[in-house]
Peer 1: 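Handing you a structure now.
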Amino acid sequence: MNRREASDWAQQVSRRIKEKVGVVAARSQGIIPFTSVEGRFDDWTDKNLCWWTNGFWAGEMWQLYNATKDPLYLERAQEIEKKLDGNLMNAGGLDHDNGFKWLLTAAADYRITGSKESRNRALLAADNLAGRFNPAGRFIRAWNDGGDGSRAGWAIIDCMMNLPLLYWAYRETKDPRYLQIATLHADTAERFFIREDGSANHIVEFNPATGEFVRTYGGQGYGEGSSWTRGQSWALYGFTLSYLHTGEAKYLNTAKRVANYFIANIPENGLIPVDFRQPLDCALEDSTAAAIASCGLLELSRQLPEPESTLYHRAALRLLTTLERERCNWDLACDHIVEKGTGAFHDERHEYPIIYGDYYFVEAVWKLTGEESFMW
Ligand code: GLY
């Protein structure tokens with residue numbers, strides 16, 4: 001598919017997205033979906049207001065608002081942003097995923113509407129994220145624990161996607177600490193997460209007192225030393241974003257290494273497994289990894305001259321057209337779009353719709369049509 005054909009294809013898909021999401025948003029007042037049950041979105045407001053995915057539907061609403069200017073989407077996005085104040089005021093419910101939650105809600109609102117209240121929320125979230133930095137190990141602590149410190153030394157590759165909240169806060173305030181923390185973490189991630197072959201660890205544990213490397217964990221992937229595909233996607237897109245915000249060539253090179261590894265591992269059918277190193281007789285899939293990687297590849301393609309640009313653009317189109325053909329549900333009676341996402345390899349449940357699959361699919365299509373509101 002050449003660029004012209006890709007753009008025509010994306011225009012068609014964009015029309016289908018607008019038709020479907022318009023209907024779904026109209027019937028989804030006040031909810032924060034994670035998945036859908038029998039085709040209807042669930043609501044995580046009371047289930048877990050602090051869950052890391054709670055910004056994605058709002059982010060999708062902003063993308064639709066940017067493309068259509070229909071105030072319905074603005075209302076939906078702002079409803080969620082306000083609800084998340086309950087999370088912002090709950091210290092135990094804040095972690096490194098402040099980026100996912102407040103880039104797609106408050107920071108997006110501020111960028112689009114100029115709301116001062118939203119800017120304030122995003123800065124509070126950025127300060128809390130910066131406060132998770134461990135100076136001895138030069139990493140941002142990922143998750144909380146019960147207060148016993150058992151996860152005080154854990155960093156995870158996903159955090160590369162949270163760094164843009166710090167890059168944003170740096171641009172807003174001109175305080176270099178945000179930039180220093182983001183780049184120190186990115187440097188640590190390059191050194192300890194990205195392996196020689198371009199694959200990425202999910203979890204790295206450091207001694208939180210001395211900063212020394214302790215060990216790696218398989219995390220949400222198959223096992224230690226394996227290659228959890230969503231983690232590879234976070235690394236691919238995350239290092240591309242660190243390049244975009246800093247202009248540091250080392251991050252671009254790392255993004256390319258991860259992208260080359262990812263592309264070399266795409267199965268013949270173009271559908272992405274949960275882990276590139278899961279047993280050969282295991283067909284478990286994670287469509288969300290494909291959607292996220294598509295965004296990363298398209299953004300990477302924009303940063304590079306030919307012929308590399310076309311290489312990454314083609315790889316993204318291969319993933320996206322496969323997702324559209326095989327995994328998108330366009331039935332207007334069903335709330336979700338992308339099917340067969342998987343949270344983690346060892347979860348009991350696999351291959352179900354997950355809201356970030358929809359978000360990144362829309363973002364990727366918007367990158368091709370030029371309708372994107374840049375969130376990161
Ligand atoms: N950031 C958590 C996940 O990707 O599941």
Side-chain angles (χ1 to χ4, degrees), residues 32-35 44 47-48 50-60 84 87 93-105 125 129 132 139-145 151 154-166 185-186 189 193 199-204 216-223 226-242 258 262 272-276 278 284-296 338 340-361 363-364 375-376:
I32 309 182
F34 168 70
T35 183
W44 277 57
K47 219 183 263 180
N48 184 356
C50 305
W51 189 230
W52 75 277
T53 65
N54 284 353
F56 285 105
W57 177 241
E60 194 175 323
L84 289 187
N87 182 179
L94 296 167
D95 59 25
H96 77 139
D97 286 328
N98 286 5
F100 283 118
K101 285 185 271 186
W102 282 283
L103 279 166
L104 295 170
T105 55
L129 177 59
R132 300 183 72 81
F139 66 89
I140 293 173
R141 175 182 176 166
W143 297 317
N144 302 330
D145 47 44
R151 288 177 171 185
W154 285 27
I156 71 173
I157 191 65
D158 322 30
C159 191
M160 291 304 300
M161 292 300 293
N162 291 315
L163 301 185
L165 182 63
L166 300 176
H185 179 90
F193 284 79
S199 67
N201 287 305
H202 183 202
I203 301 173
V204 176
T216 64
Y217 297 89
Q220 285 162 250
Y222 178 65
S226 76
S227 177
W228 177 49
T229 54
R230 197 161 62 255
Q232 316 307 296
S233 302
W234 295 140
L236 196 176
Y237 199 6
F239 276 103
T240 303
L241 292 169
S242 271
V258 177
F262 195 101
I272 302 302
V274 179
D275 194 309
F276 283 134
Q278 66 197 34
L284 285 180
E285 185 185 328
D286 180 14
S287 57
T288 73
I292 298 158
S294 303
C295 289
V338 182
K340 291 206 173 201
T342 291
F345 189 91
H346 295 288
D347 280 355
E348 270 174 29
R349 189 171 178 213
H350 302 99
E351 301 188 335
Y352 57 99
I354 314 182
I355 194 64
Y356 45 86
D358 283 15
Y359 172 78
Y360 285 103
F361 181 74
E363 185 185 296
M375 296 281 164
W376 310 103

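In listed order, ligands and their atoms are each counted from 1. Numbering starts at 1 and runs along the sequence shown. Note that the coordinates shown come from a computational prediction; the quantities given were computed from them, not determined experimentally.
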Peer 1: Excluding sequence neighbours, so at least two apart, what forms side chain to side chain contact (heavy atoms under 4.5 Å, CB included) with Ser199?
Peer 2: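 Side chain to side chain contact (heavy atoms under 4.5 Å, CB included) check on Ser199 returns Arg195, Asp197, Ser227, Gln232, Tyr261, Arg277.
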Peer 1: Going by the rule side chain to side chain donor-acceptor pair (under 3.5 Å), which residues pair with Tyr352 if we only count those two or more places apart in sequence or in a different chain?
Peer 2: none
Peer 1: Would you call the rings of Phe345 and Tyr222 parallel, tilted or perpendicular, where under 30° means parallel and over 60° means perpendicular?
Peer 2: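 Ring orientation, 0 to 90° scale: perpendicular.
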Peer 1: Looking only at heavy atoms, which two atoms of Phe193 and Ala155 are closest? And how far apart?
Peer 2: CZ-O, 3.3 Å
Peer 1: Tell me, please, which residues at least two apart from Pro33 pass side chain to side chain contact (heavy atoms under 4.5 Å, CB included).
Peer 2: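 Testing Pro33 for side chain to side chain contact (heavy atoms under 4.5 Å, CB included), a comparison that skips the adjacent residues, returns Ile31, Phe41, Asp42, Trp57, Ile355.
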Peer 1: Identify the two heavy atoms, one from Leu236 and one from Gly296, that lie closest to each other, and give their separation to 0.1 Å.
Peer 2: CD2-C, 3.6 Å
Peer 1: For ligand 1, what is the set of protein residues having any non-hydrogen atom at a distance below 4.0 Å?
Peer 2: Trp52, Asp158, Gln220, Trp228, Arg230, Trp234
